[in-house]
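If you're wondering where the values come from, they're calculated on a predicted model, not measured in any experiment. Quick note: numbers below take in every heavy atom, side chains included, and nothing from hydrogens, waters or symmetry partners.
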2 protein chains.
Amino acid sequence: MLNSELGVRDIVENPKSIFYLLNQEEKEELQQHISLSRYKKNEFIFKEGDKPNGFLLLVDGKVKIFKEGVGGREQIIRMTKPLGLIGYRALLGEETHNGSAVTLEESLICTVSSDFILNRALKNSDFSHKIISKLCKELGFSNARTVTLTQKHIRGRLAESLILLKDKYGFEHDGTTLRAFLSREDIANLSNMTTSNAIRTLSTFASEKVIAIDGRKIRILDANRLERISKLG
Amino acid sequence: MLNSELGVRDIVENPKSIFYLLNQEEKEELQQHISLSRYKKNEFIFKEGDKPNGFLLLVDGKVKIFKEGVGGREQIIRMTKPLGLIGYRALLGEETHNGSAVTLEESLICTVSSDFILNRALKNSDFSHKIISKLCKELGFSNARTVTLTQKHIRGRLAESLILLKDKYGFEHDGTTLRAFLSREDIANLSNMTTSNAIRTLSTFASEKVIAIDGRKIRILDANRLERISKLG
DNA sequence: TAGCTTTGATGCTATAAAACATACAGACCG
DNA sequence: CGGTCTGTATGTTTTATAGCATCAAAGCTA
């Protein structure tokens, strides 16, 4: 269920939002250039090759960003949680999107005009510094992923993905259930493996009592063990 | 053989250098914060985990940046040519280096103090904009690589690496010989495969008349065919 | 509620690539 | 000069994982 109460004000005034770095004047101007849109589950936000038409911030929901590879096989590059940015690489690098974005659940997205971002916000050095820092972090992540996805074996890759989901979305109130309910196919596409292998390996983890599975609900029973499996490759 | 004639002035006044974007005053100040150092072939510039101690620009030579993965197996993340930046992601993101940099041949590297970059250069919005654009491009490249290195088969990965070397370093005067003389091991580490498979596949390409090999000299005989092998995966 | 579609589970087979084993050529060195 | 080392080459074996087929369960829709 979406929190429809979230308005523009809340986004701008939330210290975790990138717009919090703007000064008062810029924030006011921002209001003229912002709009909110609602997306259903499994809806495309943009497609690989599209020209970016705004600066997107996820307000509520979850979004996957993926690239299509050999034979249309998709690889999930990144997942976004509320207040995360979507597709900003293409906008700021003045390129087309090199991946597609699809909602994993009903989502609320705020769009800011490219013009405001490029000609106003980026002139604010706090803002541009934050963008640089985000890009650096993401590049580091991407490089690390390249290595683990190519070098680790199936068990290591799956363990890493589960840890990644935990770090990004955290747990439900019980402290063990991942707050993300992906299809086996999405888990596979995140971990660079076939769906059957994702299913098979999840079952193995469950039989080893590292995790417990109940449909799409995954509970992490032994985080240390999972960490070890991931490290080991 | 290094071009030892290259001095600080040439770097600052070359339109292809990022420092060209600085204004006159900043350029003059830059001179106080810059130094040149010479590296022998196969020398480390920094190691994974090191704290960055300056903003590095390759003046002459070639450098590989790689990460160590499972069991010390290395994956080359990036290669640099003259006027390219090295290790700037870690400096600007205020993190430690997440890869190591090693010269592939004798090289000349210019170091600019972190202080000047962070407190002066980045305040220049042309400079910071250029940095953002470089980071965006590199992130796009990294994401694309993640997908191709995980999904393409050996032949496709090797073909892509050869094209990558061509695009980065170009050809010798004959118009076919790659201007990069890597060991088979480096080619393997660039293409995510074992050294034996790199050797084997290069031989196959040679027997198919796609390339010609003479020691470390590689001549591309049929660029279209190579492109097709790469695309096909 | 029945029928259809999608998702998840599991076994079997095929295969790409790693791992291993030699072998050889050239470089370097005491 | 022979010995060791390093890089390259090539054949053989092993293994991880993709690919395929089948079936069960769940979810959707008419």
Side-chain angles (χ1 to χ4, degrees), chain A residues 40-42 64 69-75 102 104-105 147-162 178 180-208 211-219 229 232-233, chain B residues 40-42 69-75 102 104-105 147-161 180-208 211-218 229 232-233:
Chain A
K40 289 196 287 278
K41 186 174 170 173
N42 292 325
K64 65 174 172 182
V70 180
R73 196 173 140 202
E74 77 179 51
Q75 174 66 46
V102 167
L104 286 170
E105 28 181 272
V147 177
T148 58
L149 287 180
T150 53
Q151 297 194 354
K152 286 184 181 176
H153 285 180
I154 280 214
R155 287 170 59 87
R157 299 203 302 270
L158 182 63
E160 183 175 290
S161 292
L162 293 175
L178 284 179
F181 305 93
L182 307 195
S183 68
R184 301 294 194 261
E185 193 181 357
D186 277 336
I187 293 178
N189 293 341
L190 182 62
S191 319
N192 179 35
M193 63 185 64
T194 55
T195 306
S196 356
N197 276 327
I199 292 169
R200 209 185 305 274
T201 312
L202 280 171
S203 304
T204 313
F205 282 179
S207 76
E208 291 169 358
I211 63 171
I213 39 185
D214 171 17
R216 294 191 177 186
K217 257 200 272 191
I218 298 179
R219 295 197 303 129
I229 296 173
L232 217 93
Chain B
K40 289 197 286 280
K41 185 175 166 168
N42 292 326
V70 179
R73 195 172 141 203
E74 76 179 52
Q75 173 65 47
V102 166
L104 286 171
E105 29 182 271
V147 176
T148 59
L149 287 179
T150 52
Q151 297 195 355
K152 286 184 182 177
H153 285 178
I154 280 212
R155 288 170 59 87
R157 298 203 302 269
L158 183 63
E160 181 174 292
S161 291
F181 305 93
L182 307 196
S183 67
R184 300 292 193 262
E185 194 181 356
D186 277 336
I187 294 178
N189 292 342
L190 182 62
S191 318
N192 178 36
M193 62 185 64
T194 56
T195 307
S196 349
N197 275 327
I199 291 169
R200 207 186 304 273
T201 312
L202 280 171
S203 304
T204 313
F205 282 179
S207 76
E208 291 169 358
I211 63 172
I213 39 186
D214 171 16
R216 292 191 179 188
K217 258 199 273 192
I218 297 178
I229 296 173
L232 217 91

Legend entry - Nucleic acid footprint by protein, nucleotides 23-30 of chain D - heavy-atom cut-off 4.0 Å, B for base, S for sugar-phosphate alone: --------
Legend entry - Nucleotide-resolved protein contact map, nucleotides 17-29 of chain C, B/S/- at heavy-atom distance under 4.0 Å: SBBB---------
When the distance from [atom1] of [X] to [atom2] of [N] is rounded to whole Å, what number comes out?
X: B:Arg184; N: D:dT10; atom1: CZ; atom2: C1'; answer: 13 Å
X: A:Arg216; N: C:dA9; atom1: CZ; atom2: P; answer: 11 Å
X: B:Lys41; N: D:dT6; atom1: NZ; atom2: P; answer: 15 Å
X: A:Asp186; N: C:dT6; atom1: CG; atom2: P; answer: 16 Å

Legend entry - Ion pair A:Glu105/A:Lys40, N-O distance below 4.0 Å: no
Legend entry - Pair A:Arg155 + A:Glu160: basic N to acidic O under 4.0 Å: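 No, this pair does not count.
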Inset, instruction - Enter the distance from A:Gln151:CD to B:Asn192:CG here, rounded to the nearest 0.5 Å. - result: 6.5 Å
Inset, instruction - Give a yes or no on whether the backbone of B:Ile199 and the side-chain of B:Arg184 come within a donor-acceptor separation of less than 3.5 Å. - result: no
Inset, instruction - May I ask you to decide if B:Asn189's main-chain N or O and B:Gln75's side chain share a donor-acceptor pair within less than 3.5 Å? - result: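 Yes.
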Inset, instruction - Could you pull out all residues at least two apart from B:Ala159 that satisfy side-chain contact (heavy atoms from CB on, under 4.5 Å)? - result: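 B:Ala159 satisfies side-chain contact (heavy atoms from CB on, under 4.5 Å) with B:Phe205, B:Leu226, B:Ile229, B:Ser230 only.
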Legend entry - For B:Leu158 against B:Ser191, the heavy-atom pair lying closest together: CD1-OG, 4.0 Å
Legend entry - Step-by-step side chain to side chain contact (heavy atoms under 4.5 Å, CB included) determination, A:Asp186 to A:Lys64: CA-CA 9 Å; A:Asp186 277 336; A:Lys64 65 174 172 182; 2.8 Å; yes
Inset, instruction - Answer with base, sugar-phosphate or nothing: what part of the nucleic acid does A:Thr195 contact at a heavy-atom distance below 4.0 Å? - result: nothing
